[in-house]
Amino acid sequence: MHASDELRAILNDVLSLNGRADSFVPSTPLLGAIPELDSMAVVSLITAIEERFGVEISDDEIDGNVFSTFGSFLAFVEQIAAK
């Protein structure tokens with residue numbers, strides 16, 4: 001499974017999007033565009049990514065730009081997973 005597919009699955013699961021994330025492309029806006037993506041959901045997403053990829057994400061690695069679009073979030077996840 002590609003990282004993009006895994007990230008879509010995580011978004012669908014954590015945010016209860018019922019498959020809406022399956023159509024996300026790199027330019028799809030996230031933060032501010034998806035009502036389910038609030039501050040508590042961000043924490044849940046980070047936890048899910050840590051568990052799925054076996055990594056630990058420190059607070060200084062994350063800022064609002066990470067969640068700007070699906071593409072920016074994917075780039076972040078790919079960078080984290082490559083560590």
Side-chain angles (χ1 to χ4, degrees):
M1 184 179 277
H2 293 278
S4 59
D5 294 329
E6 291 184 51
L7 185 55
R8 286 183 188 96
I10 290 170
L11 285 164
N12 276 323
D13 183 47
V14 173
L15 302 180
S16 301
L17 296 178
N18 300 316
R20 289 190 349 238
D22 295 346
S23 64
F24 287 2
V25 296
S27 61
T28 301
L30 296 180
L31 199 59
I34 298 175
E36 295 88 347
L37 185 55
D38 59 17
S39 58
M40 290 305 297
V42 166
V43 173
S44 297
L45 282 172
I46 295 301
T47 301
I49 289 166
E50 288 177 329
E51 290 173 358
R52 169 61 189 93
F53 293 98
V55 296
E56 191 170 312
I57 301 170
S58 63
D59 291 343
D60 63 342
E61 294 179 282
I62 303 166
D63 62 33
N65 293 328
V66 167
F67 299 97
S68 176
T69 64
F70 179 73
S72 62
F73 193 26
L74 177 60
F76 172 77
V77 170
E78 289 175 332
Q79 178 186 0
I80 291 295
K83 287 185 174 181

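Put simply, the side chain of Val42 reaches to within 4.5 Å of the side chain of Phe67, judged on heavy atoms. Between Leu45 and Leu37 there is a side-chain heavy-atom pair separated by less than 4.5 Å. Residues Leu11 and Ile34 have side chains not in contact (no heavy-atom distance under 4.5 Å, counting atoms from C-beta outward). Using a 4.5 Å heavy-atom cutoff, the side chains of Phe73 and Leu31 are not in contact. Two residues are said to be in side-chain contact when any heavy atoms from C-beta on lie closer than 4.5 Å; Phe24 and Leu7 fail this criterion. Under the 4.5 Å side-chain criterion, counting only non-hydrogen atoms from C-beta, Asn65 is not in contact with Phe76.
Rounded to the nearest 0.5 angstrom, Glu6 CD and Ile49 CD1 are separated by 10.5 Å. If you take CD on Glu50 and CD1 on Ile80, they are separated by 9.0 Å, rounding to the nearest 0.5 Å. With rounding to the nearest 0.5 angstrom, the CD1 atom of Ile10 is 12.0 Å from the OG atom of Ser44. Atom CD of Glu78 and atom CG of Leu74 lie 4.0 Å apart (nearest 0.5 Å).
The heavy-atom pair separating Ala33 from Pro35 by the smallest distance is O-CD, 3.6 Å. Of all heavy-atom pairs between Val14 and Ala41, the closest is CG1-O, 4.3 Å. Pairing each heavy atom of Arg20 with each of Asn12, the nearest pair is N-OD1, 3.3 Å. Nearest heavy-atom pair, Val66 versus Ile62, reported as atom, atom and distance to 0.1 Å: CG2-CA, 4.3 Å.
Under the 4.5 Å side-chain heavy-atom criterion for Ile, Leu, Val, Met, Phe, Trp and Tyr, Val43 and Ile57 are members of distinct hydrophobic clusters.
Counting non-hydrogen atoms of neighbouring residues, nucleotides and ligands closer than 6.0 angstrom, the CG atom of Asp59 reaches no more than 12 such neighbours.
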